[in-house]
There are 2 protein chains.
Amino acid sequence: MTSIRELAMHLQISIGTVSRALNGKPDVNPVTRERVIAAAHELGYAPNQTGRALRRGATQTIGIMIETSSAVERNGDDFFLPVVDAAQTQLARHAYDLVILPCSSSDDVCSFLSRVVGRGIVDAIILADIRRQDPRIELLSKKGIPFLTLGRSGVSSNHAWIDLDFEGFVEHSLAELVALGHRRIAITLPQSDVNLGEMLYATYQSFLTRHQLSYDPALVMRVEQNENGGSQAVAALMALDDRPTALLLSYEAIAMGVYSELREAGLVVGQDLSVIGFRHNPQLRFLSPGLTAYEIPLAALGQALADGILAVLRGEPGPTLIWPGTLHATASIGPPPKP
Amino acid sequence: MTSIRELAMHLQISIGTVSRALNGKPDVNPVTRERVIAAAHELGYAPNQTGRALRRGATQTIGIMIETSSAVERNGDDFFLPVVDAAQTQLARHAYDLVILPCSSSDDVCSFLSRVVGRGIVDAIILADIRRQDPRIELLSKKGIPFLTLGRSGVSSNHAWIDLDFEGFVEHSLAELVALGHRRIAITLPQSDVNLGEMLYATYQSFLTRHQLSYDPALVMRVEQNENGGSQAVAALMALDDRPTALLLSYEAIAMGVYSELREAGLVVGQDLSVIGFRHNPQLRFLSPGLTAYEIPLAALGQALADGILAVLRGEPGPTLIWPGTLHATASIGPPPKP
DNA sequence: CAGCGTGCCGTAAACGTTTACGGAAACAGT
DNA sequence: ACTGTTTCCGTAAACGTTTACGGCACGCTG
């Protein structure tokens, strides 16, 4: 509530000096600086960010845009908030704040984004839920807004990005399964055109050809990225004459439906069907058997995101970085059943 | 990027007229208004929110504050984002935007909040994760910021709030269980001092005395609000000489751990122990048996939150409202086992 | 025709900061 | 004593809007 003007009047000095004192500028007597700081603290003065932003052309806050629609489809996962939490503590060290910009399902992604940047409430933006052809990338490039994407896209643009190691997930998982003797391995993919789906698919195909395994399109199933997707996948598998012996899940929550349907059908996970999921989370150990999954260190990822966007803000190139994980094997995989 | 000045130069009129035309003010010729709107659209002009906010003293965006720490403890539930989604579409109808203000676990709740209001990036705030003695309420009251809490608190302050019907959950659940013949019913509560814990407890106690059921403190278990909490609760129950025959869960994800531990112990949910959870969500049907739970219509709740905060912004009293739900019974409850 | 109202528009101040610029005072060096 | 330098501080412009105010050019009325 108290403005810099009131503070200056109270101190009997000019507002310019107050501002300089508070912002650590050189041209100010150490003792007056102390007086100013003390008075500011006493009166509870905090610089109005709107005025400051208008003058500086920067708000010291960065935004991370998510689409609530896709988050709602995944009906709440534990990926996003831990990452945000870590990113925020890192940004706070550089006097930046973080806000989440949720694009509602009733809104158009691009008009939402241009509205947000038009409002000028953030200096830079982290984009999540990257599509294969994501128009937001060109939009931000054109407007000259510093940004970083959490996820690669198919568009050829040299922007900064950090992405999870989907290739590593598929590679390690398939290698593990093949070593166990599996030859027919199915995979679930998202239905929307999020880029990670494309990458999972490409790596899957590449692995099969490199290891002289035959490719069967019936083993690639595009399903909802939640428990229902598991039901859909198992239903599709059961209808096949030549069933796969293993299954890769593009999102761990799908396992709930998979386990449930398999139990219904009298099949045992890890014996009749080996299952591996992307990504490990704590509640998976309450499935029985616990799900073999790829583990991503989320806190470190959040910190990397923060450092990355700060680099972009400084005008540096910014990261282009694949964030690795590790496969945690459990009893959800085993040798294929004897025919 | 384009300012109102450029737009005015392009149209050969003054910036005052441009502003009036765009904001629907009366004193402007209809044909010039059309010209201005057309040119604004053509040049992609969007009023800079910082300048507008500075002049108007309002930003047309409202914030909803969450604590990532508690969200992380619940490791991702499907409650929050659907509510935000609905609130946002409703706010958009009144030309308001919504941002999520995540308070990181490394930050102090009050200093975070006062920093946020000091920045002046939001006109009003919705508070979630309400504590029993929540200092944020007094802070916002003192600063005169319009706010609304999603959850009641123990502090006596006549602010606007909307809360879930925790009393109804406990009342209906206990009534159902007592009708089935249960007499010893346990309940899990959160460990932190979130207010909902206190309300669940109070209603639980009140019900017991009203129905002449004996109260046993050993049946009240404060546990983590996630799968681990289920393990903790079941472990505590198993250690009792006189075990309860039913269990109320303060958060549905606890059921994961409960089911897992009971299965481990060779006990059957719905037969050896009846279980009811707060709150229904889609993935519960993949537990077997599906969890009896209290269902809350989230989209309508989000809309009510939006309407409520808008009312507060208009200076109206704002709602004080308990949001009801309905109990969906499944095979996770049944008559108590014969001794 | 004088007077008045109305419709439309330009001017300029204001919102709360930051910062380039200039200047007063103090001090040092010749 | 004069000049030059340093230290500190005040002045005012600028950021991009909105809006109160005044004024010009009409058209209308008496």
Tell me whether the OP1 or OP2 atom of dT18(D) has a side-chain N or O from Arg52(B) closer than 4.0 Å. yes

Using heavy atoms and a sub-4.0 Å distance, could you list which residues of residues 28-45 of chain A are near DNA chain C? By number, please. Tyr45(A)

Taking atom types as modelled, is there a side-chain donor on Ser111(A) or Ser114(A) under 3.5 Å from an acceptor on the other? no

Nearest whole Å is fine: how far is dA14(D) C1' from Asn48(B) CG? 14 Å

Letter per nucleotide, 5' to 3', of nucleotides 19-25 of chain D [B base touched, S only sugar-phosphate touched, - untouched; heavy atoms, 4.0 Å]: BB-----

Separation of Leu54(A) atom CG from dC15(C) atom C1', in whole Å? 9 Å

Pairing of Lys25(B) and Asp27(B) as salt bridge, 4.0 angstrom limit: no

Tell me yes or no: between the side chains of Asp85(B) and Thr68(A), is some donor less than 3.5 Å from an acceptor? yes

Can you tell me the distance, in whole Å, between the CG atom of Leu22(A) and the C1' atom of dT18(C)? 12 Å

Report yes if some heavy atom in the side chain of Val36(A) is under 4.5 Å from a heavy atom in the side chain of Leu11(A); otherwise report no. yes

Between atom CD1 in Ile4(A) and atom P in dC15(C), what is the gap in whole Å? 14 Å

Expressed as a whole number of angstroms, how long is the span from Gln49(A):CD to dT17(C):P? 9 Å

Using only heavy-atom distances, determine whether the side chains of Gln90(B) and Asp307(B) contain a donor-acceptor pair under 3.5 Å. yes

Has the side chain of Asp97(A) got a donor or acceptor atom that lies under 3.5 Å from a matching backbone atom of Thr61(A)? no

Which is more 5' along DNA chain D, the nucleotide nearest Arg5(B) or the one nearest Ser14(A)? Just name the residue. Ser14(A)

For the side chain of Asp163(A) and the backbone of Arg152(A), is there at least one donor-acceptor N/O pair under 3.5 Å apart? yes

Would you check if there is a donor-acceptor pair between the side chains of Asn195(A) and Ser153(A) at a distance under 3.5 Å? no

